[in-house]
Structures are given as structure tokens and as C-alpha cells.
Enquirer: 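What follows is a structure written as C-alpha cells; I'll ask about it next.
Since this is a predicted model, take the numbers as computed values, not measurements.
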Amino acid sequence: MASKFGVFLLACYMISAVSVEAAASFYQNIDLTWGDGRGKILNNGELLTLSLDKTSGSGFQSKDQYLFGKIDMDLKLVPGNSAGTVTTYYLSSQGATHDEIDLEFLGNVTGQPYTLHTNIFSQGKGSREQQFRLWFDPTADFHTYSILWNPQSIIISVDGTPIREFKNMQTAGVPYPNNQPMRAYSSLWDAEDWATQGGRVKTDWSKAPFTAAYRNYNANACVWANGASSCHGSTPVASWMNQQLDATSQKRLQWVQKNYMIYNYCTDFQRFPQGLPKECKV
């Protein structure tokens with residue numbers, strides 16, 4: 001298994017290398033948007049930290065908006081007793097009918113695993129949750145979390161391993177995010193009412209401030225500005241624009257979902273007594 005996994009990671013690297021855009025400084029790519037100084041850009045723009053205390057959390061957003069792209073970010077999550085905290089990383093448009101591709105890392109008590117909560121909104125409708133445990137300690141080191149969004153599908157990956165795929169099924173009547181530009185966002189905030197074990201475990205403020213760290217923000221993407229995409233016209237089509245899961249990637253996706261998925265809305269018959277959503281049946 002280990003050797004096959006190594007080959008898979010090498011293949012992913014070679015695919016992504018076709019359309020490389022070097023990870024630039026956070027000063028160039030990111031605006032700290034809230035937190036009154038709790039968000040910090042350090043090391044000449046190579047490192048960003050968000051912190052949370054009892055008064056406030058913090059957050060940032062990308063300077064650019066994108067209409068399709070592959071967005072990578074290295075995160076190191078809040079260590080120790082992170083119960084009640086939520087670290088988010090997501091793409092979103094604005095408004096009541098917004099689109100969103102959402103990753104939320106739900107903290108836990110010391111020694112217990114984080115939950116990675118994912119959701120996809122299209123035209124304001126979400127309720128497409130899938131939740132996962134991770135196969136490593138996400139607080140011990142940085143790991144790469146990627147969102148691939150193209151006209152065919154949305155693929156969420158961790159260290160190059162796909163964990164979720166949402167295909168464009170508009171022909172079956174399922175809305176798909178394909179016409180609203182989105183920014184990248186991240187935040188660290190308190191959600192002790194629901195985040196950890198259904199809200200049974202509260203935030204231990206004696207451990208504050210809680211801090212998450214970021215590096216290597218990389219957006220290989222179509223930038224949307226002044227009503228137009230940077231990918232239109234004579235611009236060569238990037239490899240990610242048509243990228244889909246190959247047979248090896250499908251096997252890795254199945255491995256993750258078999259061993260590390262802990263909730264899937266598409267199997268929650270009790271939640272949907274009138275029938276599962278359309279995309280679960282296609």
C-alpha cells in the first residue's frame with residue numbers, strides 16, 4: 001500500500017506541476033479582515049497565524065476572486081485542547097443565493113481527533129455535509145488542503161489524496177457552482193455550542209489564545225475582475241480546468257471514504273424521509 005501511495009502522490013505532483021504558480025507572499029494574496037490584530041503575517045509574508053481568545057477570533061480573505069481554479073493551502077491546526085474551536089478554509093461568493101465550498105475543522109479535547117466537516121452550497125442551498133477523521137495528527141505539522149473547482153467537478157484533497165468529489169449534475173437538475181466568482185476565506189472562531197461532541201464539551205478559555213498557522217497559499221485559478229475572467233480569450237487552458245479523478249485517485253477516494261468518513265448526507269435516510277437528494281441517486 002505504501003509504495004502505491006507514493007506513486008499516487010508523485011502522479012498528483014506531476015499533474016499540478018503543469019500549471020505551476022509559485023506560492024507568493026501572504027502580503028500579495030491575502031487581506032486580514034477581522035480580529036483586531038489577532039491575525040498576523042510573519043516571516044516576510046511566508047507565514048500567517050490566526051488566533052482566538054474569549055473576546056474575538058480572526059480571519060482573512062483572498063484579494064482576488066476566482067471563477068474556477070485549484071487552491072492549495074498548508075495548515076497546522078490548533079494543538080492540545082482545541083474543544084469548541086472551529087478553523088475554517090473555504091471558497092464563497094456573496095448574497096442569499098451564494099455558492100460555497102466549505103472545510104471546517106472542528107476541535108476536540110486533548111488526544112481526541114479533529115473532525116473535518118465539508119459542505120457544498122450551490123445557489124444558496126447547502127445541506128450536503130460529509131465529515132471525516134484524518135489519518136494523521138493535523139496539529140503536529142503542516143498539511144496541504146486543496147480545493148479543485150472546474151466545470152466538471154469539485155474535488156477536495158488532503159496532501160494530494162482526494163476525500164470528496166461533487167460532480168456537475170446540472171443535466172439531472174442539481175445546481176452546480178459555475179457562474180459566481182468566489183474568494184478564498186479562512187477564520188478561527190468559537191463555536192462551543194455545537195462544535196465538539198454536539199456542544200457537550202465547551203471551550204477551555206484557560207488555554208487561550210488558540211492559534212492556527214498557514215503557509216504556501218497557492219491559487220492556480222481564473223481571476224475574475226471587472227466582469228471578466230483571466231482565462232478567457234487566447235489564454236492556454238490550464239491542466240486543472242479539465243482534471244478529473246483517474247482510476248488510482250478513485251481508489252484513494254474510496255479508501256478514505258471507507259475508513260475515515262464518519263457522516264455522509266447521502267446515506268442519512270432518517271434526515272431525508274421523503275427521499276435522498278437528487279445527486280445521491282445519480
Enquirer: Check whether any side-chain heavy atom of F166 sits under 4.5 Å from a side-chain heavy atom of I156, and report yes or no.
Expert: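 Not touching, per the 4.5 Å side-chain cut-off.
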Enquirer: Where do I163 and Q257 come nearest, in terms of heavy atoms and distance?
Expert: O-NE2, 3.1 Å
Enquirer: Is any side-chain heavy atom of Y263 less than 4.5 Å from a side-chain heavy atom of D268?
Expert: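 Yes, side chains in contact.
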Enquirer: Looking at CZ of F68 and CG of N179, how far apart are the two atoms once the value is rounded to the nearest 0.5 Å?
Expert: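 With rounding to 0.5 Å, CZ (F68) is 8.0 Å from CG (N179).
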Enquirer: May I ask whether Y176 and M169 are part of the same hydrophobic cluster, defined by side-chain heavy atoms of I, L, V, M, F, W, Y residues being less than 4.5 angstrom apart, directly or through others?
Expert: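 In one cluster: yes.
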Enquirer: Are any side-chain N or O atoms of N226 and backbone N or O atoms of A228, one a donor and one an acceptor, separated by less than 3.5 Å?
Expert: no
Enquirer: Quick one: pull up OH in Y66 and SG in C231 and give me the separation to the nearest 0.5 Å.
Expert: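 Those atoms lie 12.0 Å apart.
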Enquirer: Donor-acceptor check, side chain of T115 to backbone of H117, threshold 3.5 angstrom: yes or no?
Expert: no
Enquirer: Given the rule in the side chain to side chain donor-acceptor pair (under 3.5 Å) test, do N178 and Q170 qualify, once you have shown the distances and angles that lead to the verdict?
Expert: CA-CA 10 Å; N178 64 3; Q170 286 182 296; 2.9 Å; yes
Enquirer: Do you know which two heavy atoms are closest between S122 and P175, and how far apart they sit?
Expert: OG-O, 3.0 Å
Enquirer: Considering all heavy atoms of both residues, which atom of A195 and which atom of T85 are nearest to each other, and what is their separation?
Expert: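 Scanning both residues completely, I find the closest heavy atoms to be CB-O, 4.3 Å.
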Enquirer: Determine, step by step, whether N218 and N220 satisfy the side chain to side chain contact (heavy atoms under 4.5 Å, CB included) criterion, reporting the C-alpha distance in whole Å, the side-chain angles of both residues, the deciding distance to 0.1 Å, and the verdict.
Expert: CA-CA 6 Å; N218 192 21; N220 289 305; 3.7 Å; yes
Enquirer: Following the transitive rule for hydrophobic clusters with a side-chain heavy-atom cut-off under 4.5 Å over Ile, Leu, Val, Met, Phe, Trp and Tyr, establish whether M261 and L253 coincide in one cluster.
Expert: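 In one cluster with M261: L253, yes.
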Enquirer: Is atom CG of N259 surrounded by more than 12 heavy atoms (other residues, nucleotides or ligands) closer than 6.0 Å?
Expert: yes
Enquirer: If you look only at pairs with a residue in residues 162-191, which of them pass as a salt bridge (charged side-chain N to carboxylate O under 4.0 Å, His left out), with sequence neighbours excluded?
Expert: none
Enquirer: Before you tell me yes or no, could you show the steps for N44 and Y27 under side chain to side chain contact (heavy atoms under 4.5 Å, CB included), namely the whole-Å CA-CA distance, both residues' side-chain angles and the distance that decides it to 0.1 Å?
Expert: CA-CA 8 Å; N44 295 317; Y27 288 119; 5.7 Å; no
Enquirer: What about the rings of Y214 and F60, do their centers lie closer together than 6.0 Å?
Expert: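 Here the rings of F60 and Y214 have centres that are less than 6.0 Å from each other.
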Enquirer: Using the rule that two of Ile, Leu, Val, Met, Phe, Trp, Tyr join whenever any of their side-chain heavy atoms come within less than 4.5 Å, decide whether L47 and L188 are in one cluster.
Expert: no
Enquirer: Is there a donor-acceptor contact under 3.5 Å from the side chain of R252 to the main chain of T161?
Expert: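 No: the side chain of R252 does not pair with the backbone of T161.
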Enquirer: Quick one: does L103's side chain get under 4.5 Å of L116's, heavy atoms only?
Expert: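 Yes - at least one pair of side-chain heavy atoms lies under 4.5 Å apart.
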Enquirer: Sort and list the pairs that fulfil disulfide bond (SG atoms under 2.5 Å apart) and have at least one residue in residues 87-172, not counting sequence neighbours.
Expert: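 Of all non-adjacent pairs touching residues 87-172, none passes disulfide bond (SG atoms under 2.5 Å apart).
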Enquirer: Treating Ile, Leu, Val, Met, Phe, Trp and Tyr as nodes and any side-chain heavy-atom pair under 4.5 angstrom as an edge, say whether L77 and Y90 lie in one connected cluster.
Expert: no
Enquirer: Once you round to the nearest 0.5 Å, how far does CD of E104 lie from CH2 of W189?
Expert: 6.0 Å
Enquirer: For T203, does its backbone N or O pair with a side-chain atom of E192 as donor and acceptor, under 3.5 Å?
Expert: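 Looks like yes, one N/O pair under 3.5 Å.
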Enquirer: What is the distance from atom OG of S82 to atom OH of Y114, rounded to the nearest 0.5 Å?
Expert: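 S82 atom OG to Y114 atom OH measures 3.5 Å (nearest 0.5 Å).
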Enquirer: Test your reading of the model: is there a side-chain donor-acceptor pair from S58 to the backbone of L50, 3.5 Å cut-off?
Expert: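 Not confirmed, S58 side chain does not pair with L50 backbone.
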Enquirer: Are R38 and S56 close enough that some pair of their side-chain heavy atoms sits under 4.5 Å apart?
Expert: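 A side-chain contact exists here, since the closest heavy-atom pair is under 4.5 Å.
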Enquirer: Quick one, D31 with Q61, criterion side chain to side chain donor-acceptor pair (under 3.5 Å). Give me CA distance, side-chain angles, the key distance, then yes/no.
Expert: CA-CA 5 Å; D31 288 323; Q61 69 181 40; 4.9 Å; no
Enquirer: With distance as the sole test, does T49 use its side chain to make a donor-acceptor pair with the main-chain N or O of A212 at under 3.5 Å?
Expert: no
Enquirer: Taking 4.0 angstrom as the limit, do D74 and K76 come out as a salt bridge?
Expert: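 Looking at D74 and K76, the cut-off is not met.
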Enquirer: Does some side-chain heavy atom of R128 sit less than 4.5 Å from a side-chain heavy atom of F121?
Expert: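 Heavy-atom side-chain distance check fails, nothing below 4.5 Å.
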Enquirer: Between atom CG of L48 and atom CG of N216, what is the distance when rounded to the nearest 0.5 Å?
Expert: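 Answer rounded to 0.5 Å: 12.0 Å.
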Enquirer: Please report the shortest heavy-atom distance between T139 and D137, naming the atom on each side.
Expert: OG1-OD1, 2.7 Å
Enquirer: Considering all heavy atoms of both residues, which atom of R271 and which atom of Y265 are nearest to each other, and what is their separation?
Expert: NH1-CB, 3.7 Å
Enquirer: Sub-3.5 Å donor-acceptor pair from the side chain of D99 to the main-chain atoms of Q123, do we have one?
Expert: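 Yes: the side chain of D99 pairs with the backbone of Q123.
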Enquirer: For atom NZ of K281, decide whether the heavy atoms of other residues, nucleotides or ligands shown that lie under 6.0 angstrom number more than 12.
Expert: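 Correct, the count exceeds 12.
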Enquirer: Could you work out, with side-chain contact (heavy atoms from CB on, under 4.5 Å) as the rule, every residue matching Q112, not counting sequence neighbours?
Expert: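 Q112 satisfies side-chain contact (heavy atoms from CB on, under 4.5 Å) with N108, V109 once adjacent residues are dropped.
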Enquirer: Tell me whether S92 contacts the main-chain N or O of E100 through its side chain, where contact means a donor paired with an acceptor under 3.5 Å.
Expert: no
Enquirer: Identify the heavy atoms of Q180 and S93 that sit nearest to each other, and give their distance.
Expert: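 Of all heavy-atom pairs spanning Q180 and S93, the closest is OE1-OG, 3.1 Å.
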Enquirer: Are side-chain heavy atoms of I71 and I101 found at a separation under 4.5 Å?
Expert: no
Enquirer: Should the heavy atoms of other residues, nucleotides or ligands under 6.0 Å from CG of D36 be counted, would the total exceed 12?
Expert: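 Check fails, neighbour count at 12 or below.
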Enquirer: When you measure from the side chain of N168 to the backbone N and O of S153, does any donor-acceptor pair fall under 3.5 Å?
Expert: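 Side chain of N168 to backbone of S153: no pair is present.
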Enquirer: For this output row, return yes or no: ring centroids of W255 and W135 closer than 6.0 angstrom.
Expert: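 Aromatic pair counts; centres sit under 6.0 Å.
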Enquirer: Quiz question: by atom type and distance under 3.5 Å, do the side chains of Y185 and T88 form a donor-acceptor pair?
Expert: no
Enquirer: Using the ring of each side chain (for Trp, its six-membered ring), is Y145 parallel, tilted or perpendicular to F105, with breaks at 30° and 60°?
Expert: perpendicular
Enquirer: Start with the C-alpha distance between D159 and F142, add both sets of side-chain angles, then the distance that settles side chain to side chain contact (heavy atoms under 4.5 Å, CB included), and finish with yes or no.
Expert: CA-CA 10 Å; D159 288 338; F142 286 92; over 6 Å; no
Enquirer: Are the side chains of S51 and K40 in touch, meaning some heavy atoms are under 4.5 Å apart?
Expert: no
Enquirer: Do W240 and Y217 share a hydrophobic cluster (ILVMFWY, side-chain heavy atoms under 4.5 Å, transitive)?
Expert: yes
Enquirer: More than 12 foreign heavy atoms under 6.0 Å from NZ of K63: is that the case here?
Expert: yes
Enquirer: Measuring from C222:SG to D64:CG, what's the distance to the nearest 0.5 Å?
Expert: 12.0 Å
Enquirer: With a 4.5 Å limit on heavy-atom distance, are the side chains of Y260 and L134 in contact?
Expert: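 Sidechains of L134 and Y260: no contact.
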Enquirer: Report yes or no: does W149 contribute a side-chain atom to a donor-acceptor pair with the main-chain N or O of P177 at less than 3.5 Å?
Expert: yes
